[in-house]
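Below is one structure; the comments refer to it alone.
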Amino acid sequence: MLKKFYQITIFPYTLFLLYLMFFGMGRYQYDEHVIRIEPVYSTLAFINNTIRVWDILRVVIGNVVMFIPFGFLGWIFPKLKDFQSLIFTFVASIVIVEAMQYFTRLGIFEVDDILLNTFGVCIGYLICRFLEEKFSRLVL
């Protein structure tokens, strides 16, 4: 039952997420191409320079939570049931999306985003395996 629901919702969810990554949340086209390649440093600087806790939660935690559903991609693509294949495919895909943000100037290429998004996929993968082990009848 969960697999069917996931199969129906993941494509529209992906489109919605792409919309947010390029056009949503007050995005605008930057005047210059921006790239941040120092891992963790830019996120820590963002946290230290941001006054509102809501902004920190929305950006940092959101970059993890919004990508948890992609840890379940093995339900649609059997080759992605293997953790290594899932992570390799996801990282390659998110690097392409980050590069598109850079080239269109509708976002910033940030290594931290790749790390946080991948962490979300890892959490999703662990949740998926847990659900399959403990609630196998519900998952089908």
Side-chain angles (χ1 to χ4, degrees):
M1 182 164 132
L2 282 177
K3 281 186 182 181
K4 286 288 182 199
F5 177 77
Y6 181 80
Q7 291 170 344
I8 292 167
T9 59
I10 192 63
F11 182 70
Y13 179 78
T14 302
L15 292 177
F16 171 71
L17 198 56
L18 286 170
Y19 168 79
L20 290 179
M21 293 173 78
F22 286 94
F23 306 109
M25 299 185 301
R27 288 197 187 262
Y28 58 90
Q29 192 168 31
Y30 290 90
D31 294 332
E32 299 176 359
H33 296 284
V34 181
I35 186 168
R36 294 187 183 137
I37 56 173
E38 292 180 295
V40 183
Y41 177 76
S42 63
T43 299
L44 291 175
F46 171 77
I47 291 169
N48 287 332
N49 296 323
T50 302
I51 296 170
R52 295 182 352 188
V53 174
W54 171 247
D55 291 337
I56 295 169
L57 291 174
R58 183 174 55 92
V59 173
V60 178
I61 305 299
N63 267 319
V64 174
V65 171
M66 294 293 284
F67 287 85
I68 289 174
F70 295 102
F72 293 75
L73 283 172
W75 285 355
I76 298 175
F77 305 105
K79 289 184 179 183
L80 299 181
K81 273 197 169 288
D82 172 58
F83 181 74
Q84 192 172 8
S85 299
L86 174 67
I87 295 303
F88 178 79
T89 302
F90 177 78
V91 169
S93 301
I94 201 64
V95 166
I96 290 168
V97 171
E98 290 287 327
M100 288 172 52
Q101 285 183 322
Y102 173 80
F103 288 117
T104 62
R105 297 190 327 254
L106 291 171
I108 300 171
F109 185 100
E110 287 190 85
V111 171
D112 284 2
D113 283 353
I114 296 168
L115 294 173
L116 292 169
N117 299 164
T118 303
F119 183 61
V121 172
C122 292
I123 292 170
Y125 179 84
L126 293 173
I127 293 169
C128 180
R129 295 298 153 247
F130 174 78
L131 290 174
E132 288 177 345
E133 287 177 19
K134 300 292 182 187
F135 305 101
S136 60
R137 290 192 328 200
L138 180 65
V139 170
L140 298 173

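Source: prediction; values computed, not measured.
- Transitive grouping of hydrophobic side chains (ILVMFWY, heavy atoms separated by less than 4.5 Å) brings Phe77 and Ile96 into a common cluster.
- Every residue two or more places apart in sequence or in another chain that forms a side-chain contact (heavy atoms from CB on, under 4.5 Å) with Glu38 is listed here: Tyr41.
- Sorted by first and then second residue, the salt bridge (charged side-chain N to carboxylate O under 4.0 Å, His left out) pairs with a member in residues 17-33 form an empty list; sequence neighbours excluded.
- For Phe11, there are no ring pair (Phe, Tyr, Trp, His ring centres under 6.0 Å) partners, not counting sequence neighbours.
- Partners of Thr104 under the side chain to side chain donor-acceptor pair (under 3.5 Å) rule, at least two apart in sequence or in another chain, do not exist in this structure.
- Sorted by first and then second residue, the side-chain hydrogen bond (donor to acceptor under 3.5 Å, both in side chains) pairs with a member in residues 68-80 read Trp75-Glu132; sequence neighbours excluded.
- Pairs of residues two or more places apart, or lying in two chains, that qualify as side-chain hydrogen bond (donor to acceptor under 3.5 Å, both in side chains) and include a residue from residues 82-99 are Asp82-Ser85.
- Cluster annotation: Phe88 and Leu86 are assigned to distinct hydrophobic clusters (Ile/Leu/Val/Met/Phe/Trp/Tyr, side-chain heavy-atom contacts under 4.5 Å, transitive).
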Can you list, pair by pair, the side-chain donor-acceptor contacts under 3.5 Å of residues 106-125, counting residues two or more places apart and other chains?
{"unit_1": "Asp112", "atom_1": "OD1", "unit_2": "Val40", "atom_2": "N", "d": "2.5"}
{"unit_1": "Asp112", "atom_1": "OD2", "unit_2": "Val40", "atom_2": "N", "d": "3.3"}
{"unit_1": "Asp112", "atom_1": "OD2", "unit_2": "Ser42", "atom_2": "OG", "d": "2.9"}
{"unit_1": "Asp112", "atom_1": "OD2", "unit_2": "Thr43", "atom_2": "N", "d": "2.9"}
{"unit_1": "Asp112", "atom_1": "OD2", "unit_2": "Thr43", "atom_2": "OG1", "d": "2.5"}
{"unit_1": "Asp113", "atom_1": "OD1", "unit_2": "Asn63", "atom_2": "ND2", "d": "3.2"}
{"unit_1": "Asn117", "atom_1": "ND2", "unit_2": "Asn63", "atom_2": "O", "d": "2.8"}
{"unit_1": "Asn117", "atom_1": "ND2", "unit_2": "Asn63", "atom_2": "OD1", "d": "3.3"}
{"unit_1": "Asn117", "atom_1": "ND2", "unit_2": "Asp113", "atom_2": "O", "d": "3.2"}
{"unit_1": "Thr118", "atom_1": "OG1", "unit_2": "Ile114", "atom_2": "O", "d": "2.7"}
{"unit_1": "Tyr125", "atom_1": "OH", "unit_2": "Lys81", "atom_2": "O", "d": "3.2"}
{"unit_1": "Tyr125", "atom_1": "OH", "unit_2": "Arg129", "atom_2": "NE", "d": "3.3"}

Test log, rule side-chain contact (heavy atoms from CB on, under 4.5 Å), inputs Leu73 and Phe90: CA-CA 10 Å; Leu73 283 172; Phe90 177 78; 5.7 Å; no
Review item, side-chain donor-acceptor pairs of residues 48-58, under 3.5 Å, at least two apart:
{"unit_1": "Asn48", "atom_1": "ND2", "unit_2": "Leu44", "atom_2": "O", "d": "3.3"}
{"unit_1": "Asn49", "atom_1": "ND2", "unit_2": "Ala45", "atom_2": "O", "d": "3.0"}
{"unit_1": "Thr50", "atom_1": "OG1", "unit_2": "Phe46", "atom_2": "O", "d": "2.5"}
{"unit_1": "Arg52", "atom_1": "NE", "unit_2": "Asp55", "atom_2": "OD2", "d": "3.3"}
{"unit_1": "Arg52", "atom_1": "NH2", "unit_2": "Asp55", "atom_2": "OD1", "d": "3.0"}

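- Of all non-hydrogen atoms in Gly71 and Cys128, the two that sit nearest each other are O-CB, 4.0 Å.
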Step-by-step side-chain contact (heavy atoms from CB on, under 4.5 Å) determination, Val91 to Ile87: CA-CA 6 Å; Val91 169; Ile87 295 303; 4.1 Å; yes
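- Summarising the geometry of Pro69 relative to Tyr6, their closest heavy-atom pair is O-OH, 2.7 Å, with the distance given to 0.1 Å.
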Sequence neighbours left out, cut at 3.5 Å: what donor-acceptor pairs do the side chains of residues 14-26 make with other protein atoms?
{"unit_1": "Thr14", "atom_1": "OG1", "unit_2": "Ile10", "atom_2": "O", "d": "2.7"}

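- Screening residues 116-127 for salt bridge (charged side-chain N to carboxylate O under 4.0 Å, His left out), with sequence neighbours left out, gives no hits.
- Remark: side-chain polar atoms of Tyr13 are paired, donor with acceptor, to backbone N or O of Met66 under 3.5 angstrom.
- Ile127 and Phe83 fall within a single hydrophobic cluster, where Ile, Leu, Val, Met, Phe, Trp and Tyr are joined by side-chain heavy atoms under 4.5 Å apart, directly or via other members.
- To the nearest 0.5 angstrom, Phe70 atom CZ is 9.5 Å from Ile76 atom CD1.
- Ring-plane geometry between Phe135 and Phe130 is classed as perpendicular, the angle between the planes exceeding 60 degrees on a 0 to 90 degree scale with a lower cut at 30.
- Between atom CD of residue Gln7 and atom CG of residue Leu2 there is a gap of 11.0 Å, rounded to the nearest 0.5 Å.
- Partners of Tyr30 by ring pair (Phe, Tyr, Trp, His ring centres under 6.0 Å), not counting sequence neighbours, listed by chain and number: Tyr28.
- Considering every non-hydrogen atom in both Ile68 and Phe72, the closest pair reads O-CD1, 3.7 Å.
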